[in-house]
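Quick caveat: nothing in here was measured; it's all calculated off a predicted structure. Order of listing sets the numbers, starting from 1, for every ligand and every atom in it.
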Amino acid sequence: MRVLSGIQPSGTLHLGNYYGAMKQHIELQHEHECFYFIANYHTLTTVQDPGRLRKLTADVALDYLAMGLDPNRAALFRQSDIPEVAELTWILSTVTGKGLLERATSYKDKIAKGLTPSMGLFSYPLLMASDILIYRSDLVPVGKDQVQHIEMTQDMAGYFNNTFREVFVRPEPRLNEAAIVPGVDGQKMSKSYHNTIDLFGDPQEMRKRIMRIKTDSTPVDQPKNPAACNVFALLKLMTPPGEAAEWEQRYRKPGMGYGEAKKRLAELYEEFFGARRAARADWAARPDDVEDVLRAGAKRARAVAQEVMADVRDACGIVVAQT
Ligand code: ADP
Ligand code: TRP
């Protein structure tokens, strides 16, 4: 089974990205052949500062490595290391109706948030379909917001296969258990809402943000509803097995204050992510080694992409010179 996923280097990664995407990527490396890439072409739809894009791209690689991605198991690479992806995007666009892309909710959401409606933003799902299909990926682990894109990818694979011949396999989405991780204000944690707890943020600043997580004003001497609490939602993700059930009971009885739960959360954050800060710094001090990891990952991925592209070109009658 081949697993593939991508993370955009569009900002500093946060707990939503980790529990929503990266955690399961890393876990899956023990069970399957995994390809993970840094979706820098996608990020050009939002980041148009070359220095910043380079820095954010390098940061995602460091975050993956610090959090335990094993480059001997999973292939880690940049989307742009595989130029065939852009070629396939064009070919898919010729068999895909405009109506399919017009139905993409993420495009409409992004426009509503004030992003420029560029052709790149509009055809974003075509590039994503190409990312997935070019490696004949079976399973695509993502957050809930990306499922529609995978369904569109299934459609595009079908359009191509029906128009020409059976080249692509049908990918399936795989959802993680943490559907939506709340931010410090209770909305979905997202870099565009300025409500994040970053994976490798300044420890004091992150502690402050945790202590500021929005709660209701139920006093200490009254029972509280864990299901409606942002702090509890994060505790559930971060506590060792069994501890969340204890907190749940404490919430339901009088005597527990939200400050106490937040303090525990800050402690867990520091234990878990703080412990990986040194590993991240270690990789950051060896940029050539990181580049070697990306190069080796790209080599593995590109071998598959080149083979699939040869099949695609043959299926649709595109001839290229052997130079
Ligand atoms: P952001 O909303 O911060 O811009 P992205 O859209 O770049 O994040 O998301 C990258 C990945 O992380 C996606 O797979 C997405 O589903 C997941 N993700 C992002 N935020 C959350 C969240 N708050 N809860 C769960 N998953 C999330
Ligand atoms: N669109 C995804 C996101 O914003 C990133 C992405 C790009 C991706 N290409 C992909 C995810 C292919 C899975 C498979 O999170």
List, one per line, each side-chain donor-acceptor pair under 3.5 Å for residues 312-323, sequence neighbours excluded.
| unit_1 | atom_1 | unit_2 | atom_2 | d |
| --- | --- | --- | --- | --- |
| Arg313 | NE | Glu87 | OE2 | 2.8 |
| Arg313 | NH2 | Glu87 | OE1 | 3.0 |
| Asp314 | OD2 | Arg165 | NH2 | 2.7 |

Please set out all donor-acceptor pairs under 3.5 angstrom arising from side-chain atoms of residues 267-275, sequence neighbours excluded.
| unit_1 | atom_1 | unit_2 | atom_2 | d |
| --- | --- | --- | --- | --- |
| Glu267 | OE2 | Arg264 | NH1 | 2.5 |
| Tyr269 | OH | Asp198 | O | 2.6 |
| Tyr269 | OH | Leu199 | O | 3.3 |
| Glu270 | OE1 | Arg277 | NH2 | 3.2 |
| Glu270 | OE2 | Arg277 | NH1 | 3.0 |

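For Lys98, the side chain to side chain contact (heavy atoms under 4.5 Å, CB included) test picks out Glu102, Phe122, with sequence neighbours left out.
Residues Arg136 and Asp311 are paired through a salt bridge, judged by an N-O separation under 4.0 Å between the basic side chain and the carboxylate. The existence of a salt bridge linking Asp49 and Arg52 is excluded, since no basic side-chain nitrogen approaches an acidic carboxylate oxygen closer than 4.0 Å. With respect to Glu172 and Arg170, a salt bridge is recorded, a charged nitrogen being found less than 4.0 Å from a carboxylate O. Looking at Asp282 and Arg276, no side-chain N of the basic residue comes within less than 4.0 Å of a carboxylate O on the acidic one, giving no salt bridge.
The proximity of Asp145 to ligand 1, defined as any non-hydrogen pair under 4.0 Å, is limited to the side chain. Only the side chain of Ala21 comes within 4.0 Å of ligand 1, judged by heavy-atom distances.
The nearest non-hydrogen atom to atom 18 (N) of ligand 1, considering only Gly143, Gly16, Ser192, comes from Gly16.
Every atom of ligand 1 with a heavy atom of Met189 under 4.0 Å away is listed here by number and element: 20 (N), 21 (C), 22 (C), 23 (N).
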Please tabulate, one line per pair, the protein N or O atoms found under 3.5 Å from any N or O atom of ligand 2, giving the distance to one decimal.
| unit_1 | atom_1 | unit_2 | atom_2 | d |
| --- | --- | --- | --- | --- |
| ligand 2 | 1 (N) | Tyr124 | OH | 2.7 |
| ligand 2 | 1 (N) | Gln146 | OE1 | 3.0 |
| ligand 2 | 4 (O) | Gln8 | NE2 | 3.2 |
| ligand 2 | 4 (O) | Tyr124 | OH | 3.0 |
| ligand 2 | 4 (O) | Gln146 | NE2 | 3.4 |
| ligand 2 | 9 (N) | Asp131 | OD2 | 2.8 |

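At least one heavy atom of Ile180 sits less than 4.0 Å from an atom of ligand 1. Within the structure, ligand 1 has His14 among the residues with a heavy atom less than 4.0 angstrom away.
Judged by distance alone, with hydrogens and angles left aside, the side-chain atoms of Asp131 form no donor-acceptor pair with the main-chain N or O of Gln79 at under 3.5 Å.
Tyr251 and Phe232 have their aromatic ring centers within a separation under 6.0 angstrom.
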